[in-house]
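Labels below follow one simple rule: chain letters A, B, ... track the order of the sequence lines, proteins then strands, and each chain is numbered from 1.
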Protein chains: 2
Amino acid sequence: MIKSKPRPTFAPSTQIDMPKAKPIAKESSTEEKIKEAARKLFTQKGFAATRTRDIADEAGINLALLNYYFRSKQKLFDIIMMENFRQFIHGISFNFQDKTLSLEQKIEKVVSMYIDFLTANPDLPLFILTELRNNPDQLAASIEGEIGETRTELFAQLKVAHAAGYIGIEPSHLVANLFGLTVFPFVARPILQKVTGADDTQFNNLMQQRKELIPIWIKTMLQPPKPTK
Amino acid sequence: MIKSKPRPTFAPSTQIDMPKAKPIAKESSTEEKIKEAARKLFTQKGFAATRTRDIADEAGINLALLNYYFRSKQKLFDIIMMENFRQFIHGISFNFQDKTLSLEQKIEKVVSMYIDFLTANPDLPLFILTELRNNPDQLAASIEGEIGETRTELFAQLKVAHAAGYIGIEPSHLVANLFGLTVFPFVARPILQKVTGADDTQFNNLMQQRKELIPIWIKTMLQPPKPTK
DNA sequence: GTCTATAAAGTGATAGAC
DNA sequence: GTCTATCACTTTATAGAC
């Protein structure tokens, strides 16, 4: 049972469909099959290198159906892009908003959660970084909407803490280091495996180790400068 | 004075032209203009999103000339790709082969040189990472040729040093951290600027600071575990 | 060497039958 | 809702004049 979807002659091109609550949870509808195929290919190869025909083949349906459901390649991409991006930053937002956790605890949680997430979605960060460079402003609003308040507040707190000498690192460097240490290995995975000679299993083991190691390294950076003895 | 270039009917498609020593250094020949235009567009937008017409326009010449000189979009791309990649890893190779430097000194030099290099070529790392994911094996040989011996040797030394307890970090993590801390900020620059609120000048200042900071952080990681007192 | 014109193939999107 | 057939346009590449 699939809902009918009228095709507007002039769809407002700026509007992006938000994911709707599905009335039937388990059934993999045609619309959903197309979206999953599109997510796979767009995330792996990017917008320009992905052919709509390949998406249709991957979904096991006809090319015409793709346009029937999503009207255009661009609109389908916008939906995937938005969902990928929300997923990518949701974990940060979620953990950093938890006021019962100390800064160290927040870092531990975010690192651990992110390493699991990236292990399961290895192509996502490079996709985000690439397409975000192509649409510098499209996602400004998206970032604000998802983590705007938390970001502003947390960043202000960190700046105060640094100015007062409680932490020995500027917040900008802290953010760069936290995500550099956590995300970069997944982005540079092919090079790293080549350089270190690690196979897939060894690589995953190394990433698991980093759940413990990164918070230790970050904590050291956080320590205020020692008083000259 | 531009050299004539016969067009073979069946060019071996796997062969990639190596950069040749130019007899005339200063003159910007048509061939060179095309290459520079191609480098700019390919590096910014990737292979699939770049049109040969755009390259021709950017170079100020006709589309037919591009094919006259480089035979096909793919061959032109292969040349740019190879040159970009060699440039990207040359600095590492160069500094790590200098046997008069200690490990700490090598790290200082590589970080400093790389931050200047990435500041001048901000689009290069994302290009390398993206296109390298698309051609996993094409560059395996290239890495080996450029830094193969040095890599093997240095990595073996680090493993011995770690096993003997002289350094407190596994070599794989050291490599991941060194390049994560150095390269990642440039790759994630749009996000970082949004999150930290830094403008372009402030961003560049932060990167300059990291020339001093990253070696300090890395040195801390290198320290062997303290004996339990 | 450089151009204009055009071939040849690819690609997004639609019409219309069922 | 789903399909086949096809249009309209883009893009790479070549032919041939100068």
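- For A/Phe155 and A/Phe96, the ring centers are positioned 6.0 Å apart or more.
- Aromatic rings from B/Phe186 and B/Phe117 are positioned such that their centres are separated by 6.0 Å or more.
- In this entry the distance linking CG of A/Leu41 with P of C/dG12 reads 12 Å, nearest Å.
- Distance NZ (A/Lys73) to P (D/dT10): 15 Å, rounded to an integer number of Å.
- Both A/Ala64 and A/Arg51 lie near DNA chain C, and the one whose nearest nucleotide falls closer to the 5' end is A/Arg51.
- C/dA13 atom P lies 10 Å from atom CD1 of A/Ile55, rounded to whole Å.
- Here B/Lys40 does not pair with B/Asp54 in a salt bridge; the nearest charged N to carboxylate O distance is not below 4.0 Å.
- For A/Tyr68 and D/dC3, the shortest distance from a side-chain N or O to OP1 or OP2 is not below 4.0 Å.
- Contact check, A/Arg71 against C/dG12: no side-chain N or O comes under 4.0 Å of OP1 or OP2.
- Among the nucleotides D/dA13, C/dA13, C/dT2, the one closest to any side-chain atom of B/Leu63 is D/dA13.
- When heavy atoms are screened at a 4.0 angstrom cut-off, B/Leu66 is found touching no nucleic acid atom at all.
- Here A/Thr30 reaches the OP1 or OP2 of D/dT2: one of its side-chain N or O atoms lies under 4.0 Å away.
- Taking only side-chain atoms of A/Asn67, from C-beta outward, the nucleotide of C/dT14, D/dT2, D/dT6 with the closest atom is C/dT14.
- At a cut-off of 3.5 angstrom, counting only N and O atoms as typed in the model, there is no donor on one side facing an acceptor on the other between the side-chain of A/Arg53 and the base of C/dG10.
- Of the charged side-chain nitrogens involved, none lies within less than 4.0 Å of a carboxylate oxygen, so that B/Lys33 and B/Glu58 do not count as a salt-bridged pair.
- Rounded to whole Å, the distance from CG on A/Asn62 to P on C/dA17 is 17 Å.
- The nucleotide whose nearest atom lies closest to any side-chain atom of A/Thr52 is, among D/dT2, C/dG12, C/dT2, C/dG12.
- B/Leu65 has its CG atom 16 Å from the P atom of D/dA15, to the nearest Å.
- In this structure, B/Asp123 does not pair ionically with B/Arg39, as no charged nitrogen and carboxylate oxygen lie closer than 4.0 Å.
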